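First the structure, in the form of structure tokens, and then the observations on it.
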Amino acid sequence: MEETNELMRQRKEKLNEIREAGIDPYPHRYAPTHTTSGILQEFEDVNETPDETNRVTIAGRIMTKRDHGKSSFAHLQDSTGQIQIYVRRDDIGADSYRIYRRFDVGDIIGASGVVFRTRTGELTILVDAVELLSKSIRPLPEKWHGLQDKQTRYRQRYADLIMNPEVKEVFVQRTKIVQAIRDMLNEQNFMEVETPVLQPIYGGASARPFTTYHNTLDQPLYLRIANELYLKRLIVGGLNRVYEFSRDFRNEGMDRDHNPEFTMLELYLAYADYLEVMELTENLIAQTVEKIHSTTKITYQDQKLDFTPPWRRITMTESIQEYSDFDPEALSAHELYTKASNAGIELAGDESKGEIIAELFDVYVESKLIQPTFIYDYPIEVSPFAKKKPENPELVERFEFFISGMEVGNAFSELNDPIDQRQRFMEQASKLAKGDEEAFMVDEDYLRALEYGMPPTGGLGIGIDRLTMLLTDQYSIRDVILFPQMRPEN
RNA sequence: GCGCCGUUAGCUCAAUUGGCAGAGCAUCUGACUCUUAAUCAGAGGGUUGAAGGUUCGAUUCCUUCACGGCGCACCA
């Protein structure tokens with residue numbers, strides 16, 4: 001892709017002039033002694049008189065440049081912030097100054113000098129040596145309005161990160177969120193593990209997979225839609241507390257909270273049920289919010305959210321009763337079907353009562369759950385890996401939690417009865433045979449593992465991207481993923 | 001998949017009813033050794049996302065396409 005415009009042509013010309021002067025425009029190393037923000041802190045007390053004891057060397061990108069004949073001001077940006085430099089011909093020498101004048105906004109340079117304060121009070125480096133570290137031949141966006149175009153920002157995240165410091169902050173926060181969760185789990189003796197991304201049989205969720213092919217094995221492989229079944233194999237193996245930050249892939253639509261690849265934390269805890277996992281969940285997330293924001297009350301898109309435990313707990317059918325004008329438990333399958341049709345839900349006609357209830361929940365309830373809320377006791381038909389409730393075999397011990405109308409996590413008492421699990425697989429297999437693209441295949445090896453015996457286990461999945469959206473006040477999942485999926489430009 | 005909106009100089013944005021495509025920043029030349037959206041004087045920079053149509057004339061109206069945003073549908 002050879003792009004040519006006047007500005008790039010001029011910059012390449014300057015690049016050649018610098019080379020012809022015997023200077024390497026792309027040298028190999030440089031040794032800064034300070035960062036820009038470090039200087040602003042350390043030299044807070046310096047005055048207008050330059051003093052040799054306040055000597056620093058920094059490296060950064062030129063973000064603004066104001067040339068005045070035989071002197072020049074510029075702002076350099078490094079990973080920590082920006083600082084002003086003041087360059088005078090008499091300080092760096094005529095030859096150096098001639099080269100300096102060929103530097104552009106966007107170039108990465110190194111500078112040495114002493115820190116002082118300008119007449120207008122800005123902490124500044126009075127430079128006596130500059131060095132080009134990397135010549136930029138593509139002009140940056142305009143300094144005042146920055147880079148606004150969403151398409152360019154997502155496609156050229158590097159330019160977005162240079163121009164919009166608040167974007168970088170979001171991703172710093174994302175890393176801190178993951179780190180906070182990891183630290184807490186490690187403290188609680190969870191073991192971080194890695195399981196296959198390429199799976200011969202996909203499962204653990206309902207979603208269409210991405211399919212690929214291994215040439216040597218001569219067989220199809222699937223990018224994981226979940227890692228659930230692998231982590232539970234480890235529970236069988238005696239790793240009683242395991243977790244993985246799993247990049248999962250689902251071949252489905254994209255919108256403000258769906259990207260084809262996304263990050264899910266899954267964890268499994270032997271000898272626990274879903275009630276214990278519920279407590280773990282609200283504590284884990286509340287403490288994460290606390291670590292990031294020093295409070296459990298935050299604002300997301302003008303909504304006040306309170307993460308302080310305990311969170312509200314309500315069963316799925318109760319929640320439908322609360323947000324609709326009927327009690328789903330009091331209705332027959334036929335009456336529920338009518339309610340769903342009236343609510344605009346498209347049904348094939350062969351849906352079970354439980355499937356219709358799940359649909360009604362989506363329509364009547366999900367978007368209304370603003371404060372962190374546990375919805376629990378799900379229909380068995382939509383929960384093939386969850387354990388039945390002892391007193392009601394139509395329901396399973398499962399919960400999801402919702403924040404700001406978004407599903408953020410999913411958990412259950414894991415089904416460990418191998419006979420029951422085989423039946424559930426058979427139901428999925430028959431759905432798959434009927435053309436349900438989100439049903440999945442029987443995983444005989446997983447059943448074999450259960451047959452050895454899996455302890456009672458609680459499991460949890462948390463959508464890390466969505467959690468990050470909430471904690472960084474971002475409206476779209478694309479703003480918490482560095483390189484969101486996009487169609488090719490041409 | 002459907003609907004609405006958008007795409008104009010490197011960037012951010014204008015362009016009246018269909019009538020010579022503009023500004024600011026950036027760039028180039030000159031002046032300027034405490035400026036900070038530096039200032040002053042001058043200059044260059046455009047296949048208006050692509051292809052077609054209507055018209056004497058299209059950035060503007062119509063059709064198709066591409067990409068993006070938002071909403072809906074899908075995604076338990």
Side-chain angles (χ1 to χ4, degrees), chain A residues 3-11 13-14 48 50 63-75 82-92 97 102 104-106 116-124 126 136-156 159 162-163 205-208 225 250-260 262 316 344-346 351-352 354-363 365-366 375 378-384 386 396 398 400 407 410 431 436-439 475-476 478-479 484 486-490:
Chain A
E3 275 181 63
T4 50
N5 65 52
E6 183 63 14
L7 298 177
M8 290 187 65
R9 196 191 53 73
Q10 287 166 347
R11 283 174 176 237
E13 237 169 58
K14 291 181 193 173
E48 295 184 15
M63 298 303 289
T64 62
K65 192 160 177 264
R66 295 174 292 282
D67 290 333
H68 302 86
K70 299 183 188 64
S71 75
S72 170
F73 288 93
H75 275 94
Q82 293 195 359
I83 196 165
Q84 180 170 256
I85 60 170
Y86 182 32
V87 181
R88 292 188 299 204
R89 192 188 63 174
D90 293 350
D91 294 330
I92 68 168
Y97 197 72
R102 311 315 287 162
D104 288 302
V105 168
F116 78 113
R117 202 169 283 282
T118 63
R119 208 175 281 160
T120 52
E122 179 163 353
L123 209 61
T124 300
L126 181 61
S136 162
I137 60 168
R138 185 177 292 272
L140 285 176
E142 188 231 338
K143 64 186 170 188
W144 193 243
H145 298 92
L147 180 59
Q148 301 293 334
D149 182 68
K150 275 212 156 42
Q151 182 164 185
T152 311
R153 291 183 46 209
Y154 295 146
R155 288 191 195 282
Q156 303 182 30
I162 292 168
M163 297 308 299
S206 300
R208 285 146 70 195
I225 59 173
R250 297 186 182 176
N251 203 339
E252 285 168 355
M254 296 157 61
D255 59 29
R256 94 161 176 102
D257 53 9
H258 291 85
N259 193 66
F262 64 102
M316 178 172 273
I345 298 167
E346 283 177 35
E351 285 83 0
S352 66
E355 285 169 316
I356 298 172
I357 286 174
E359 293 282 348
L360 287 167
F361 171 82
D362 285 349
V363 171
V365 186
E366 180 164 359
I375 299 294
Y378 276 60
I380 188 168
E381 298 92 331
V382 297
S383 314
V396 293
R398 173 182 178 189
E400 292 185 312
E407 179 198 333
N410 180 23
K431 280 187 179 182
D436 182 345
E437 289 187 309
E438 282 161 7
Y475 180 75
S476 168
R478 286 184 294 272
D479 292 315
M486 302 281 275
R487 285 180 197 271
E489 284 176 74
N490 295 313

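Both backbone and side-chain heavy atoms feed into the values below; hydrogens, waters and symmetry mates do not. Everything quoted here is computed from the prediction, not taken from an experiment.
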Practice task
Check for a donor-acceptor pair, side chain of A:Arg11 on one end and backbone N or O of A:Ser136 on the other, with a separation under 3.5 Å.
Solution key: yes

Taking any heavy-atom pair under 4.0 Å as a contact, classify [X]: base, sugar-phosphate, or nothing.
| X | answer |
| --- | --- |
| A:Lys65 | nothing |
| A:Met486 | sugar-phosphate |
| A:Asp91 | nothing |
| A:Arg487 | sugar-phosphate |

Does any N or O donor sit under 3.5 Å from an N or O acceptor when you compare the side chain of [X] with the base of [N]?
| X | N | answer |
| --- | --- | --- |
| A:Arg398 | B:rA76 | yes |
| A:His258 | B:rC75 | yes |
| A:Asp255 | B:rC75 | no |
| A:Glu122 | B:rU35 | no |

Problem - Nearest-angstrom distance from the residue atom NZ of A:Lys150 to C1' of B:rG69 - result: 8 Å

Taking pairing as Watson-Crick or G-U wobble with both contacts under 3.5 Å, can you name the mate of [N], or confirm there isn't one?
| N | answer |
| --- | --- |
| B:rG19 | B:rC56 |
| B:rA26 | none |
| B:rG45 | none |
| B:rC4 | B:rG69 |
| B:rU39 | B:rA31 |

Completion exercise
With the side chain defined as heavy atoms from C-beta on, A:Pro384 is closest, among B:rA76, B:rG68, B:rC34, to B:rA76

Completion exercise
Which of B:rA76, B:rU29, B:rU12 is nearest the side chain of A:Arg102? It is B:rU29

Handout entry: Approximate separation, where rounding is to 0.5 Å, of A:Ile83 CD1 and A:Leu123 CG
Key = 5.0 Å

Practice task
May I ask you to verify if any side-chain N or O of A:Arg478 is less than 4.0 angstrom from the OP1 or OP2 atom of B:rC70?
Solution key: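 Answer yes for this pair, as a side-chain N or O of A:Arg478 is under 4.0 Å from OP1 or OP2.
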
Exercise for the section: Compare side-chain N and O positions of A:Arg155 against OP1 and OP2 of B:rG68 and report whether any pair is under 4.0 Å apart. Expected result: yes

Handout entry: Contact check, side chains of A:Glu381 and A:Ile357, non-hydrogen atoms, under 4.5 Å
Key = no

Problem - Heavy-atom pair with the smallest gap, counting every atom of A:Asp479 and A:Arg153 - result: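 Looking at all heavy atoms of both residues, the closest pair is OD1-NH2, 4.3 Å.
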
Problem - A:Arg487, CZ: over 12 other non-hydrogen atoms inside 6.0 angstrom - result: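 No, the 6.0 Å shell around CZ holds no more than 12 heavy atoms from other groups.
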
